[in-house]
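Note on naming: letters A, B, ... go to the chains in the order of the sequence lines (proteins, then strands), and numbering restarts at 1 for each one.
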Protein chains: 4
Amino acid sequence: MKSPLNTTPPLPRARQSREERRQQILDATLRCVRRSGFHGASMADIAAEAKMSVGVIYRYFANKEAIIEAIVASDLAEMRAKFAEWDETPDDQLLDTLLNTIDFALDHKYGPDKSALALEVLAEAARNPRVAAIVQAADVQERELGRSLCDRLNPGCDRRRLDARGEIISMLFDGMMIRAITHPDIDREALANDLREVMQVLFIIK
Amino acid sequence: MKSPLNTTPPLPRARQSREERRQQILDATLRCVRRSGFHGASMADIAAEAKMSVGVIYRYFANKEAIIEAIVASDLAEMRAKFAEWDETPDDQLLDTLLNTIDFALDHKYGPDKSALALEVLAEAARNPRVAAIVQAADVQERELGRSLCDRLNPGCDRRRLDARGEIISMLFDGMMIRAITHPDIDREALANDLREVMQVLFIIK
Amino acid sequence: MKSPLNTTPPLPRARQSREERRQQILDATLRCVRRSGFHGASMADIAAEAKMSVGVIYRYFANKEAIIEAIVASDLAEMRAKFAEWDETPDDQLLDTLLNTIDFALDHKYGPDKSALALEVLAEAARNPRVAAIVQAADVQERELGRSLCDRLNPGCDRRRLDARGEIISMLFDGMMIRAITHPDIDREALANDLREVMQVLFIIK
Amino acid sequence: MKSPLNTTPPLPRARQSREERRQQILDATLRCVRRSGFHGASMADIAAEAKMSVGVIYRYFANKEAIIEAIVASDLAEMRAKFAEWDETPDDQLLDTLLNTIDFALDHKYGPDKSALALEVLAEAARNPRVAAIVQAADVQERELGRSLCDRLNPGCDRRRLDARGEIISMLFDGMMIRAITHPDIDREALANDLREVMQVLFIIK
DNA sequence: AATGAATGAGGTTTCATTCAT
DNA sequence: CATGAATGAAACCTCATTCAT
């Protein structure tokens with residue numbers, strides 16, 4: 001012990017922890033990316049937004065791509081959290097819980113920022129294999145979780161049909177993000193009503 | 001004044017019309033954008049791909065943004081052509097025709113390039129108001145066409161419900177483009193079967 | 001024919017040929033490198049020295065390394081030219097010609113710039129495998145030429161000894177470049193006299 | 001005197017003396033410079049190699065240049081030690097001792113790292129007057145020592161000739177460092193044999 | 001009209017140096 | 001004294017756009 005008198009942590013620890021600093025950079029990047037896209041957001045922009053110097057960012061991320069990957073990963077983690085929540089719902093409340101998610105999903109996906117980021121990520125994934133790998137790995141997990149939900153709603157159902165139905169449900173939710181761009185001012189109430197009806201049909205196979 | 005007085009054409013007249021030239025540039029850009037995205041495609045790339053000099057491109061488009069806008073517009077025009085086709089289908093064949101579109105749609109949307117471009121466009125639209133305007137204007141038209149189709153399948157149905165249902169159908173087709181990225185290797189046959197069932201339900205309200 | 005009246009070459013050809021432009025860049029780089037070394041010479045410095053913009057340099061060289069390699073290559077080409085000259089000297093004048101080279105070599109190697117560049121190249125070669133390859137490939141040729149000269153002076157001599165002697169002679173001439181740095185103000189006259197004596201011994205084996 | 005009043009040593013006293021610390025830094029720098037050259041070795045690299053923080057290095061050296069200068073000086077000191085050794089050799093063993101040095105010199109100069117560093121230093125000296133001054137001051141001393149050796153081998157010889165011969169011998173040894181780069185895979189045995197013969201001639205004037 | 005060489009601002013990244021802790 | 005996070009200038013390189021030919 002260099003100084004046993006010192007009660008504060010031996011390593012003087014920065015004002016902010018390494019993790020906080022990383023998050024600060026990710027938050028700033030998020031704002032920039034929403035404003036200008038991955039390629040439009042320059043490191044200088046990000047640094048300014050995070051109120052840091054350009055150089056310091058490189059102490060926390062190897063390069064710009066690493067920041068992007070971190071954003072993608074954290075964006076996907078959010079969705080996984082949602083699934084975890086459903087996983088703990090009792091069987092008899094599951095269908096209702098899922099149907100009630102519709103309103104939440106609509107608000108979420110039609111939020112202007114949320115979908116913009118997701119589309120940015122997807123466009124990037126369409127070309128950047130590393131991003132594609134992250135996105136697809138996350139989807140594998142989501143499908144697994146989704147399948148177990150579907151299984152509980154349709155006990156004994158053929159797995160092939162289960163998967164196909166899961167895929168269709170995913171299309172619907174993913175499609176919302178595109179509709180949020182192409183038709184931002186829908187009649188959300190009418191849509192919610194109809195969606196609930198349709199979803200009920202989709203969740204119960206046959 | 002180009003020189004309307006000049007009756008004899010001393011200049012051997014452009015081998016290609018202005019419109020052909022524009023299209024040639026757009027085609028080249030499309031190939032570049034699919035390969036590297038809007039920002040990854042440089043004017044030099046485009047010029048090389050179009051077998052022109054960079055300078056000449058600026059005689060046909062004010063700047064790179066203008067080319068992008070033109071591409072977006074032409075991409076959307078393609079979809080309008082599809083609707084026009086359906087518009088001419090007799091009532092008694094309409095549902096079948098639409099259901100048969102599913103296979104075509106799957107092949108189309110799950111094609112690697114197609115969705116990449118669309119997502120590129122949508123991500124751009126999420127930020128660039130001019131692109132957003134183009135995309136949304138196209139969607140207004142598509143919805144109009146879609147509504148008339150839906151109306152023929154569900155005579156006398158409330159317009160609000162019609163629109164909501166149209167929205168949901170759009171979500172499904174749009175969602176395919178995202179699924180093409182996140183889950184490119186689906187069991188397309190099982191999916192097509194299930195989709196046909198689901199679509200039948202979606203097309204017929206109530 | 002775009003303009004049959006135009007007697008000048010059909011391609012309007014830049015004011016300077018591509019080759020001239022390349023040389024202009026190499027010359028500017030040479031001045032910068034002598035002043036500040038390979039790493040000290042920035043692309044901006046080179047551009048300023050060549051009275052060009054930074055960007056144009058990249059139309060002629062892929063990157064800074066390529067410029068360096070070109071400099072290295074041209075530096076080595078110079079030496080090869082010297083050998084070619086000796087190759088055409090008749091047998092009975094060869095020894096005298098070589099001995100007379102000593103004065104030229106001293107002036108050349110002790111010139112302030114010449115050795116600086118060579119050492120820069122060698123230091124780079126000591127670490128950069130691509131540069132090392134260029135330098136060593138050139139040396140293979142030089143040795144071949146040197147061996148044929150040595151062979152003419154020592155007919156029937158064992159090749160192994162021939163090569164060793166050639167190596168020693170190379171050491172002497174290469175060593176001059178280092179001496180030019182560590183002891184720039186030698187008594188060049190006394191040195192030339194002694195060198196002539198020594199060389200005579202070196203050229204004639206045994 | 002850090003604190004002569006303080007009889008009890010509350011601060012555990014630096015484990016290493018200031019000089020040891022300096023040497024530690026120089027050693028680390030040496031390893032880094034051999035690996036990547038003066039410009040390639042970053043302060044962070046050096047700190048990591050020396051297992052210190054960057055900050056502490058600045059307590060021992062004003063800046064990076066000062067470290068380099070210290071390295072250059074220490075590199076030259078090594079050679080001086082060699083001369084001192086010879087200085088103590090009795091006259092009747094001197095020539096043999098010197099000739100036996102050849103094998104050592106070959107191993108030393110053809111070592112990959114050694115010459116790389118020396119060339120790095122020389123290239124730097126060719127541009128940086130401060131480094132040039134250090135290198136040249138060291139050479140003055142080496143020449144003095146060399147002259148006294150030559151004098152013992154050639155008693156009563158004219159100083160001008162002595163110096164010239166010394167210069168030529170220096171060229172040979174310095175040249176080895178360049179040959180080590182341009183022709184690293186020589187037939188070292190044949191070379192050693194021939195060198196011994198040649199050296200014998202060089203050491204004895206006339 | 002067409003060319004493609006030239007421009008130079010702006011992109012990402014590195015690194016010597018400082019200084020609060 | 002030691003630390004290592006922070007700074008920000010400067011490095012290399014790219015590219016949309018212009019313009020002399």
Should D:V72 and D:L76 count as side-chain neighbours, where that means a heavy-atom distance under 4.5 Å?
yes
Taking only the side-chain nitrogens and oxygens of D:S53, find out if one of them lies under 4.0 Å from OP1 or OP2 of F:dG4.
no
Do the non-hydrogen side-chain atoms of A:Q24 and A:D27 ever get within less than 4.5 Å of each other?
no
Would you say that D:I46 contacts D:M52 through its side chain, given a criterion of any heavy-atom pair below 4.5 Å between the two side chains?
no
Using a cut-off of 4.0 Å on non-hydrogen atoms, how would the nucleic acid contact of D:A62 be classed: base, sugar-phosphate, or nothing?
nothing
Which is true for A:A47 with a 4.0 Å heavy-atom rule: it touches a base, it touches only sugar-phosphate, or it touches nothing?
nothing
Assign each of B:G55 and B:R59 to its nearest nucleotide of DNA chain E by heavy atoms, then name whichever residue's nucleotide is nearer the 5' end.
B:R59
Given E:dT13, F:dT7, E:dT7, which nucleotide is nearest the side-chain atoms of C:M52?
E:dT7
B:Y60, nearest nucleotide to its side chain (from E:dA2, E:dG8, F:dG4)
E:dA2
If pairing means Watson-Crick or G-U wobble with both distances under 3.5 Å, then the partner of E:dT21 is F:dA2
Mind running side chain to side chain donor-acceptor pair (under 3.5 Å) on D:E69 and D:N128 for me, showing each step along the way?
CA-CA 10 Å; D:E69 286 173 17; D:N128 184 331; 5.3 Å; no
Select base, sugar-phosphate, or nothing to describe what B:A48 touches, counting heavy atoms under 4.0 Å on all strands.
nothing
Closest nucleotide among F:dT17, E:dG8, E:dC15 to the D:S42 side chain
E:dC15
Candidate nucleotides E:dA16, F:dA2, E:dT12, ranked by approach to the side chain of A:Y58 - the nearest:
E:dT12
Please tell me if D:R21 has a side-chain N or O lying less than 4.0 Å from either OP1 or OP2 of F:dA2.
yes
For E:dA6, does OP1 or OP2 lie under 4.0 Å from any side-chain N or O of C:R18?
no
Considering only heavy side-chain atoms of C:V54, the closest of E:dT13, F:dT7, F:dC13 is F:dC13
Compare the minimum distances between each of E:dT7, E:dT17, F:dT14 and the side chain of D:K64, then state the nucleotide with the smallest one.
E:dT17
On DNA chain F, nearest-nucleotide positions of C:D45 versus B:E65: which is more 5'?
C:D45
Which part of the nucleic acid, if any, lies within reach of C:M43 when heavy atoms closer than 4.0 Å are counted: base, sugar-phosphate only, or nothing?
sugar-phosphate
With salt bridge (Lys or Arg N to Asp or Glu O under 4.0 Å) as the criterion, how do C:E49 and C:R35 come out once you've worked through the C-alpha distance, each side chain's angles and the decisive distance to 0.1 Å?
CA-CA 11 Å; C:E49 182 75 35; C:R35 206 187 300 132; 2.6 Å; yes
Between F:dA11, E:dG4, F:dT3, which one does the side chain of D:V56 approach most closely?
F:dT3
Quick one: on DNA chain F, does B:G40 or C:A44 contact a more 5' nucleotide (nearest heavy atom)?
C:A44
Rounded to whole angstrom units, what separation is found between the CD1 atom of C:I57 and the C1' atom of E:dG8?
13 Å
Provide the Watson-Crick or G-U wobble partner of F:dC15, both distances under 3.5 Å; none if there is no partner.
E:dG8
